[in-house]
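In this chain, numbering begins with 1 at the start of the sequence shown.
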Amino acid sequence: MSDRPDRVVVHVDGGARGNPGPAGIGIVVTDERGRELARANDFIGVATNNVAEYRALLLGLARASQLGAREVEVVNDSQLVARQVTGEYKVKKADLKPLHAQSLAALRGFERWKVRSVPREQNELADGLVNDAIDAGGPTT
């Protein structure tokens, strides 16, 4: 039996204080039962909330791929990013277009994927990692 999870849930969050302002990202990867497999965060400098959300998505997908997952469910608290990635909304801002394209390319690396948006309260751990990164001005894990 392999240690590689077939399916993972990736909680991602990004945020900026000031928008744009000092920004951080945080991710938590779990298996289907909620057992934590990985977590990470980083301070990304000055960015907008939406740029930070996309950067968190890219980090989360990279970690899921490194773990060998074939299926990924992304959970975030940004309806904009979730709806842009699923094609429901168009990407209009020039600074988000390359991040959107990179995100779609990363998602194509999985056999199956879905992205869903939840209220911030249901994404507390990733949100906390964002604030830790901004407070520290760098990675804390």
Side-chain angles (χ1 to χ4, degrees), residues 1-93 95-141:
M1 188 163 131
S2 171
D3 287 356
R4 299 168 75 111
D6 275 344
R7 184 176 182 276
V8 297
V9 179
V10 183
H11 289 263
V12 303
D13 195 21
R17 292 188 186 146
N19 202 29
I25 59 176
I27 64 107
V28 179
V29 182
T30 65
D31 65 14
E32 290 179 280
R33 292 182 299 257
R35 186 176 51 117
E36 187 175 310
L37 304 173
R39 75 167 55 191
N41 68 347
D42 200 4
F43 177 74
I44 61 169
V46 174
T48 65
N49 283 325
N50 291 333
V51 165
E53 291 282 0
Y54 268 110
R55 294 274 305 271
L57 173 59
L58 289 165
L59 177 60
L61 294 173
R63 290 294 163 93
S65 180
Q66 290 166 357
L67 288 168
R70 293 182 304 120
E71 297 181 30
V72 64
E73 177 182 1
V74 176
V75 178
N76 76 359
D77 57 30
S78 169
Q79 286 188 2
L80 178 77
V81 171
R83 290 178 177 170
Q84 286 178 339
V85 169
T86 59
E88 190 177 340
Y89 288 177
K90 289 186 175 167
V91 181
K92 296 178 182 174
K93 298 233 180 241
D95 61 338
L96 297 183
K97 286 183 179 186
L99 295 168
H100 177 261
Q102 291 169 31
S103 298
L104 292 180
L107 286 165
R108 283 193 292 273
F110 298 94
E111 290 176 20
R112 292 181 18 184
W113 61 269
K114 79 176 187 177
V115 177
R116 66 183 173 97
S117 180
V118 297
R120 178 174 289 157
E121 304 78 52
Q122 293 178 28
N123 205 22
E124 283 182 290
L125 192 50
D127 183 63
L129 290 170
V130 168
N131 287 307
D132 290 349
I134 295 171
D135 290 344
T140 60
T141 57

Tell me, please, which residues at least two apart from [X] pass side-chain contact (heavy atoms from CB on, under 4.5 Å).
X	answer
Val46	Pro20
Arg83	Gln79, Glu88, Tyr89
Asp6	Arg70

*Test Val75 against every option in Asp13, Val118, Val10 by the side chain to side chain contact (heavy atoms under 4.5 Å, CB included) rule and name the one that passes.*
Val118

[X] and [Y]: which non-hydrogen atoms are nearest, and at how many Å?
X	Y	value
Phe43	Pro22	CE1-CB, 3.9 Å
Glu73	Arg7	OE1-NH2, 2.8 Å
Val85	Tyr54	CG2-CE2, 4.0 Å
Leu129	Ala40	CD1-O, 3.9 Å
Ala64	Val72	CB-CG2, 4.2 Å

*So how far is it from Asn50 CG to Leu80 CG, rounded to the nearest 0.5 Å?*
5.0 Å

*Got a second to check how far Asp132's CG is from Asp127's CG, nearest 0.5 Å?*
9.5 Å

*For the side chain of Asn123 and the backbone of Val12, is there at least one donor-acceptor N/O pair under 3.5 Å apart?*
yes

*Indicate yes or no for a side-chain donor-acceptor contact from Asn19 to the backbone of Asn49 under 3.5 Å, with no hydrogens or angles considered.*
yes

Check: residues 96-104 side-chain donor-acceptor pairs under 3.5 Å, at least two apart:
unit_1 : atom_1 : unit_2 : atom_2 : d
His100 : NE2    : Gln84  : O      : 3.0
Ser103 : OG     : Leu99  : O      : 2.8

A side-chain contact here means heavy atoms from C-beta on lying under 4.5 Å apart; do [X] and [Y] qualify?
X	Y	result
Arg17	Ile134	yes
Val8	Arg63	no
Lys114	Thr86	no

Please list every donor-acceptor pair under 3.5 Å in which a side-chain atom of residues 23-35 meets a protein atom from a residue at least two apart or in another chain.
unit_1 : atom_1 : unit_2 : atom_2 : d
Asp31  : OD1    : Arg33  : N      : 3.0
Asp31  : OD1    : Gly34  : N      : 3.1
Asp31  : OD1    : Arg35  : N      : 2.8
Asp31  : OD2    : Arg35  : NE     : 2.9
Asp31  : OD2    : Arg35  : NH2    : 3.2

*What residues, two or more places apart in sequence or in another chain, satisfy salt bridge (charged side-chain N to carboxylate O under 4.0 Å, His left out) together with Glu124?*
none

_Criterion side chain to side chain contact (heavy atoms under 4.5 Å, CB included) on Gln122 and Asp77, from CA distance to verdict_ = CA-CA 8 Å; Gln122 293 178 28; Asp77 57 30; over 6 Å; no

